[in-house]
Amino acid sequence: MNRIKCECGHVNPEGTVLCEACGKPVEGNQHIDGNEKDKLLNMRYEGSARRSKTYNRNLVDKTWNFFSSVKVGVWLIVITLIASSLGTIFPQEMYIPPGADPATHYEEQYGLAGQIYYQLGFHNLYSSLWYMLLIALIGVSLVICSIDRVVPLHRALKKQKPKRHHTFLKRQRLFSQTEGDVDIEKFISRLKKQRYRVTRQDDSILAEKGRFSRWGPYVNHIGLIIFLLGALLRFIPAMYVDDFVWVREGETVVIPSTHGEYYVKNKNFILETYNEKENERFQAALQQEAAPVPSNYQTNAVIYKRTDPRVVGAEPELEPINEAEIRVNEPAKFNGFALYQSSFQQNEFTKMSFKLHETGNEEKVLGEFTIDLTSPKTEYELDSGARVVIDQYYPEYYLDNGEPRSKSKYPKNPAFVFYVYPPGEEKPEISFAGIGMNIDATGENDYKLNLAGFDTRDVTGLTVKKDYTLPFLGIGGLIFMIGVIQGMYWNHRRIWLQKSKDKVWIAGHTNKNWYGIKRDIEKVIEGTGIEMPEDQQQLKG
Amino acid sequence: MGDLVTISSNLLYAAFIIYLVATFFFGATVGTKKQDGKSKAGTIGITLTIIGFLTQVGYFITRWIASQHAPVSNLFEFTTFFGMMMVFAFIIIYFIYRLNVIGLFTLPVALLIIAYASMFPREISPLVPSLKSHWLYIHVTTAAIGEAILAVSFAAGLIFLIRQIDQTKKSKHTFWLEFVIYAIFSTLGFVLITTAFGAMDYETKFEAPLDGQVVTMDYHLPAIAGPHDGESVSESTIGPLFETPEWMRGQEASSKFNTLLWSLLTGLVIYGIVRLILRKRVAAAIQPKLQKVSPDLIDEVSYRAVSIGFPVFTLGALIFAMIWAQEAWNRFWGWDPKEVWALITWLFYAYFLHLRLSRGWHGTKSAWLAVGGFAIIMFNLIAVNLVIAGLHSYA
């Protein structure tokens with residue numbers, strides 16, 4: 001390394017623009033920070049030697065220099081910004097109606113533009129490889145930018161001396177020269193009153209405050225890195241569980257993704273809506289709504305832990321560990337897991353009773369039977385000796401081009417094809433029965449099945465979450481906030497004063513908020529005879 | 001209960017009028033020699049602003065008591081609160097810099113925002129389960145304060161541009177500056193036209209197909225653009241001039257599109273009249289009044305507002321939002337359009353700060369960025385709610 005020895009005696013690392021100790025511009029390096037002869041000095045990184053501005057020999061240097069460029073970082077931000085906005089033109093795939101086929105949905109809904117959107121993969125933009133790559137590049141840029149600057153900046157601020165080279169002072173944005181006597185002691189005591197740290201070296205004074213604000217950007221970048229790494233941890237299966245379970249009222253089911261360790265029972269699902277009488281204040285708003293406005297979705301649940309050694313086929317022994325009312329915004333928590341109220345189905349059928357009677361004569365009953373829809377039997381014997389056989393069961397019946405089918409295995413709209421064997425008969429009559437329908441396919445049936453009654457229950461949909469990445473995200477967010485407040489709400493201000501024979505020089509620099517430092521200087525020089533520094537970078541107009 | 005609601009809305013009206021009067025006092029300060037807060041008109045202006053602000057706080061508190069939840073739960077309430085926080089942010093900036101001219105530009109924007117808010121349903125609305133959380137007011141108010149402080153940066157940026165841009169010749173700068181002024185006039189146009197036809201109880205109905213069913217669509221402004229394949233069912237004499245493009249779907253899409261057209265047209269008329277009276281660009285007419293304003297100081301105010309507002313915005317619109325989303329929807333981030341646009345706003349201001357701190361973008365460039373940032377905030381408030389409705393469709 002070619003160290004640079006300044007005339008003040010300080011030895012600077014290669015690539016230094018302004019001597020770390022006295023600030024004298026190092027000849028031959030001024031182009032690095034774009035300093036022009038006699039114009040103001042670029043004080044952004046104190047003219048310290050940054051790796052990216054010093055070496056550019058091999059691939060490592062070139063990569064480092066690429067990512068350490070703020071220009072590159074800013075472009076990455078802009079590209080991410082534009083890319084993010086593209087994903088909001090049409091809904092993302094997760095927000096299209098459930099069951100809709102994205103391949104056709106976008107075209108049907110949004111025409112050609114929708115089709116292009118789909119084919120470019122914008123319907124899943126935020127989980128696409130290129131978008132994640134962009135975020136990763138921002139992460140790399142954050143790390144390299146920060147390291148490239150923080151190390152030399154820290155060095156320069158630590159090595160700085162009160163005694164500065166005269167060109168350094170003259171080429172500060174705030175500078176003035178006073179001829180004649182000035183009251184230095186008053187100046188110093190005023191500075192201290194303004195909470196400046198004052199250091200003196202012969203006839204040179206450095207007053208400084210808020211230096212820690214310079215570390216703000218680096219602190220907030222550390223916070224962002226932790227946050228991004230936390231988000232990355234999500235891809236490690238043990239760190240993150242996202243599952244879902246439907247639980248019917250009265251049922252106890254195993255909670256998925258807990259390795260069979262935990263069970264949940266749905267005691268009751270409650271849906272409440274706003275009632276105009278009880279909520280007079282909402283009357284006007286409620287009248288505008290066509291449908292009732294929900295006020296509460298709630299599952300009264302019991303969470304169990306399995307206590308027996310797990311044996312295949314054995315009934316689990318369960319010990320209740322938590323009795324919870326799970327509401328939106330109030331998840332139930334147990335052992336790192338959380339259960340969220342996410343969804344529900346009302347009035348799912350549990351039991352259906354049918355009555356068999358003679359066609360055209362409802363008084364002549366041959367018997368009744370009840371089907372447990374969760375486990376229907378294949379055959380039901382009636383008191384009269386008649387038999388009913390279930391030939392087909394459609395839990396959620398619908399007609400698909402004239403063909404009966406079931407949308408799901410859940411009894412939301414149950415329908416059956418029954419073979420009815422009247423007493424003593426070997427040949428069955430075929431009946432089709434469901435909610436609000438009873439079809440006699442041949443029109444020649446002597447007996448008819450009538451719906452006699454049914455039971456329903458609600459189903460609650462619970463999301464199962466375990467997320468060990470949250471602490472990382474929280475700490476990352478906290479550090480970011482500390483850093484950004486540190487950097488934004490404080491300013492690093494310095495005032496230099498130097499006396500030589502009959503002249504006094506004063507110069508001031510701040511990393512931002514020049515109005516503030518000017519007011520500080522106005523206060524500290526009052527009555528000292530020092531002339532107010534001139535702002536050498538005033539905008540014309 | 002009804003009484004409290006009436007008191008509440010009267011307080012809001014009063015605050016509106018007080019802000020309006022304060023604006024005139026700030027107006028009287030420009031062009032005079034004293035640019036610091038020492039002019040009499042300026043003192044009256046800031047006093048009135050504070051009284052107006054307290055009056056609006058009164059509106060907020062009474063409405064909170066009446067509704068039994070923080071009044072930031074629908075578009076009217078949130079936007080009104082946003083306007084109130086803009087005034088608050090201005091008061092803070094005023095006591096740092098004592099610049100009357102900031103008041104002259106911030107208050108009208110706040111007034112427009114409050115007027116805009118009142119075009120939406122003002123009934124006290126019930127909270128759906130996902131909104132029932134303390135995070136409702138923690139997240140929403142912090143986000144609104146952050147955005148409001150950033151909005152002051154827009155006002156300062158606008159002053160800078162009007163003050164500094166060379167009006168002797170036509171340029172991209174003069175065009176876009178006039179465009180910004182036109183956009184402000186269009187917002188005014190929206191308020192005026194909606195109020196005018198609202199006062200007449202104007203209504204016209206259409207029947208049009210939507211998702212395979214024929215539905216009735218209500219228009220509260222005469223139809224310039226009717227629904228696609230729609231048929232008028234009112235005895236309206238003014239028929240639609242053309243149909244809304246087919247890709248604009250939804251129950252209210254065509255009527256919203258129609259309202260947008262009306263706003264843009266009314267804005268054009270207002271702009272045209274102003275331009276005819278002034279006989280020069282609107283910004284060129286204001287420019288001489290701002291000659292006493294120091295461009296350096298205004299540039300700094302604009303930047304300062306961003307540096308104060310950015311952390312608040314991050315906290316409210318991203319961090320608190322994530323905590324709440326985790327509680328309510330079990331995921332802290334779901335790429336909902338409103339979330340994405342909050343991220344875009346954040347990225348934009350991060351871009352602003354990097355350019356300013358590391359690449360030395362000062363003055364005109366920085367002022368344009370401040371204007372751009374505000375445009376994004378407004379886009380998120382207006383367009384994302386009304387056009388790209390997602391989970392945040394309530395506000």
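The figures that follow rest on heavy atoms only: side chains count, while hydrogens, waters and symmetry mates do not. Here is how names work: the chains are called A, B, and so on, in the same order as the sequence lines, proteins then strands, and each is numbered from 1.
Residue B/H134: no heavy atom, backbone or side chain, is found under 4.5 Å from chain A. Proximity to chain B is limited to the side chain of A/S342, based on heavy atoms less than 4.5 angstrom apart. Of the atoms belonging to A/R327, not a single heavy atom falls under 4.5 Å from chain B. Interface residue B/I308: backbone and side-chain heavy atoms are both found under 4.5 Å from chain A. Both the backbone and the side chain of B/I124 come within less than 4.5 Å of a heavy atom of chain A. Neither the backbone nor the side chain of B/I323 has a heavy atom closer than 4.5 Å to any heavy atom of chain A. With a threshold of 4.5 angstrom between heavy atoms, B/P121 does not approach chain A through any atom at all. The contact between B/V312 and chain A is made by backbone and side chain atoms together, counting heavy-atom distances below 4.5 Å. When heavy atoms are compared at a cutoff of 4.5 Å, A/L478 does not approach chain B at all. Only the side chain of A/Y340 comes within contact range of chain B, with heavy atoms under 4.5 Å apart. Looking at A/V484, both its backbone and its side chain come within 4.5 Å of chain B, counting heavy atoms on both sides. Only the side chain of B/Y303 comes within contact range of chain A, with heavy atoms under 4.5 Å apart. For A/Y240, no part lies under 4.5 angstrom from a heavy atom of chain B. Neither the backbone nor the side chain of A/L125 comes within less than 4.5 Å of any heavy atom of chain B. There is no contact between A/T273 and chain B, counting heavy-atom distances below 4.5 Å.
We find the OH-CZ distance between A/Y515 and B/R304 to be 10.0 Å, quoted to the nearest 0.5 Å. Interatomic distance, B/F310 CZ to B/F352 CZ, rounded to the nearest 0.5 Å: 11.0 Å. Note that CZ of A/R234 and CG of A/L473 are 6.5 Å apart. Values are rounded to the nearest 0.5 Å. Residue A/L142 holds its CG atom at 7.5 Å from CD1 of A/I138, rounded to the nearest 0.5 Å. Here A/I482 contributes atom CD1 and A/I475 contributes atom CD1; the two are 10.5 Å apart, rounded to the nearest 0.5 Å.
Per-residue counts of heavy-atom pairs under 4.5 Å with chain B were compared for A/V328, A/T80, A/L286; the largest is that of A/V328. Considering only heavy-atom pairs separated by less than 4.5 Å from chain B, the leading option among A/I485, A/N220, A/D467, A/V78 is A/V78. Of all the listed residues (B/A350, B/S133, B/P126), the one sharing the greatest number of non-hydrogen pairs under 4.5 Å with chain A is B/P126. Of all the listed residues (B/H354, B/R356, B/R122), the one sharing the greatest number of non-hydrogen pairs under 4.5 Å with chain A is B/H354. Ranked by non-hydrogen atom pairs under 4.5 Å with chain A, the options B/F348, B/W135, B/F332 are led by B/F332.
Aromatic ring centroids of B/W346 and A/F480 lie under 6.0 Å apart. In this structure, B/W335 has its ring center closer than 6.0 angstrom to the ring center of A/Y131. Close placement of the A/Y297 and A/F344 rings is indicated, their centers lying within 6.0 Å of each other. In this structure, A/Y110 has its ring center under 6.0 Å from that of A/F90.
With respect to B/E327 and A/K333, a salt bridge is recorded, a charged nitrogen being found less than 4.0 Å from a carboxylate O. In this structure, B/R331 pairs ionically with B/E339, as a charged nitrogen and a carboxylate oxygen lie closer than 4.0 Å.
Of the possible polar contacts, one joining the A/K512 side chain to the A/W490 backbone as a donor-acceptor pair under 3.5 Å is found.
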